Amino acid sequence: MTVILTPPGPELRLLVSLASWTWPATGPDGREVAHILITHTPAFTGPVEAQMRRLSDNLGGLTGAREIVPELDRCLQIVGGRVLLHFPGASRRLRLPTRPDWTELVARTGEAFLLLGLDPLPQSATAVQADAYLDAALAADRLLFGRTRTR
């Protein structure tokens with residue numbers, strides 16, 4: 001008999017290759033909403049899509065754009081002026097790039113919408129490139145969505 005042990009959390013190699021962006025935007029109901037985009041960098045190799053989908057499952061199961069956005073477990077943590085994203089089962093937290101207004105929004109509302117991109121985007125991408133990425137990924141159904149909380 002052969003037993004394959006799979007670690008409960010995401011692979012460390014994937015975690016260190018993640019790129020992230022944060023921004024505030026107005027939601028459909030007119031409220032200001034915090035957003036987080038997580039992608040992998042082009043340098044990450046291997047079964048990338050499978051790893052990103054496993055990361056989605058690890059966070060609680062993100063969904064496609066045409067489905068109801070699930071409420072994920074409490075994954076966000078505010079420490080001083082920093083916001084960290086916790087992946088259950090992982091020993092490391094992802095430090096999100098933030099600005100004071102975005103951190104204050106997350107602290108006030110206690111939530112953020114998480115977008116997980118299945119295609120690569122370098123951390124050096126400009127706002128214009130990130131917008132183009134979001135448009136293309138949404139049109140191709142290559143984004144997964146979830147709502148995460150601090151409390």
Side-chain angles (χ1 to χ4, degrees), residues 9-79 81-90 92-150:
E11 182 182 313
L12 180 60
R13 197 169 64 92
L14 174 64
L15 289 180
V16 298
S17 77
L18 293 177
S20 58
W21 295 263
T22 58
W23 69 97
T26 304
D29 59 0
R31 291 184 312 127
E32 193 174 29
V33 180
H35 288 80
I36 304 166
L37 171 62
I38 306 288
T39 68
H40 61 89
T41 61
F44 185 73
T45 58
V48 177
E49 184 168 341
Q51 292 282 345
M52 294 300 282
R53 289 189 183 276
R54 184 164 174 231
L55 185 63
S56 165
D57 293 342
N58 187 264
L59 287 166
L62 285 76
T63 61
R66 291 168 185 78
E67 301 171 56
I68 295 174
V69 175
E71 189 166 311
L72 307 173
D73 293 332
R74 188 176 82 77
C75 300
L76 289 177
Q77 181 180 10
I78 300 174
V79 179
R82 294 186 280 187
V83 180
L84 307 173
L85 181 64
H86 172 67
F87 297 97
R92 299 182 65 161
R93 287 170 170 71
L94 178 64
R95 181 177 176 183
L96 299 173
T98 61
R99 292 174 31 168
D101 60 331
W102 189 86
T103 303
E104 290 169 11
L105 176 62
V106 172
R108 187 175 70 249
T109 63
E111 68 180 15
F113 281 88
L114 178 63
L115 294 80
L116 187 70
L118 298 177
D119 296 318
L121 182 65
Q123 184 68 61
S124 61
T126 65
V128 171
Q129 291 168 321
D131 280 346
Y133 174 91
L134 288 168
D135 289 343
L138 186 59
D141 201 24
R142 304 287 294 161
L143 284 175
L144 300 176
F145 297 84
R147 192 175 91 187
T148 186
R149 304 174 317 230
T150 59

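Note that the structure is a prediction, hence the values are computed from the model and not measured. Just the heavy atoms: all of them, side chains too, but no hydrogens, waters or symmetry mates, feed the values below.
From Met52, atom CE reaches atom CG of Leu144 across 8.5 Å, with rounding to the nearest 0.5 Å. Between atom CZ of residue Arg31 and atom OG1 of residue Thr109 there is a gap of 7.5 Å, rounded to the nearest 0.5 Å. Atom CZ in Phe145 sits 4.5 Å away from atom CG in Leu115 (nearest 0.5 Å). Taken to the nearest 0.5 Å, the CZ atom of Arg147 stands 13.0 Å off from the CG atom of Leu62. To the nearest 0.5 Å, atoms CG (Leu143) and OG1 (Thr39) are separated by 10.0 Å. His35 contributes atom NE2, which lies 9.0 Å from atom CG of Leu134 (distance to the nearest 0.5 angstrom).
Gln77 places none of its side-chain heavy atoms less than 4.5 Å from the side chain of His86. Taking the side chain as every heavy atom from C-beta outward, Leu94 and Ser20 approach each other to under 4.5 Å. Counting only heavy atoms from C-beta outward, the side chains of Leu105 and Trp23 never approach each other to under 4.5 Å. A 4.5 Å side-chain heavy-atom check between Leu18 and Phe87 finds at least one atom pair inside the cut-off. For the pair Arg93 and Arg82, the minimum side-chain heavy-atom distance is 4.5 Å or more. Between Leu114 and Leu76, the closest side-chain pair of non-hydrogen atoms is not below 4.5 Å. Counting only heavy atoms from C-beta outward, the side chains of Thr98 and Glu104 never approach each other to under 4.5 Å. In this structure the side chain of Thr22 never reaches within 4.5 angstrom of the side chain of Val106, judged on heavy atoms.
In terms of heavy atoms, Gly117 sits closest to Leu37 at N-CD1, 4.2 Å. Residue Pro24 comes nearest to Asp101 through the heavy atom pair CG-OD2, 4.3 Å, listed as atom of the first residue, atom of the second, then distance.
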- prompt: Going through the distances and angles, do Glu111 and Arg149 end up as a salt bridge (Lys or Arg N to Asp or Glu O under 4.0 Å)?
  reply: CA-CA 4 Å; Glu111 68 180 15; Arg149 304 174 317 230; over 6 Å; no

Under the side chain to side chain contact (heavy atoms under 4.5 Å, CB included) rule, what do Leu96 and Ile38 come out as? Steps first, then yes or no, please.
-> CA-CA 9 Å; Leu96 299 173; Ile38 306 288; 4.1 Å; yes

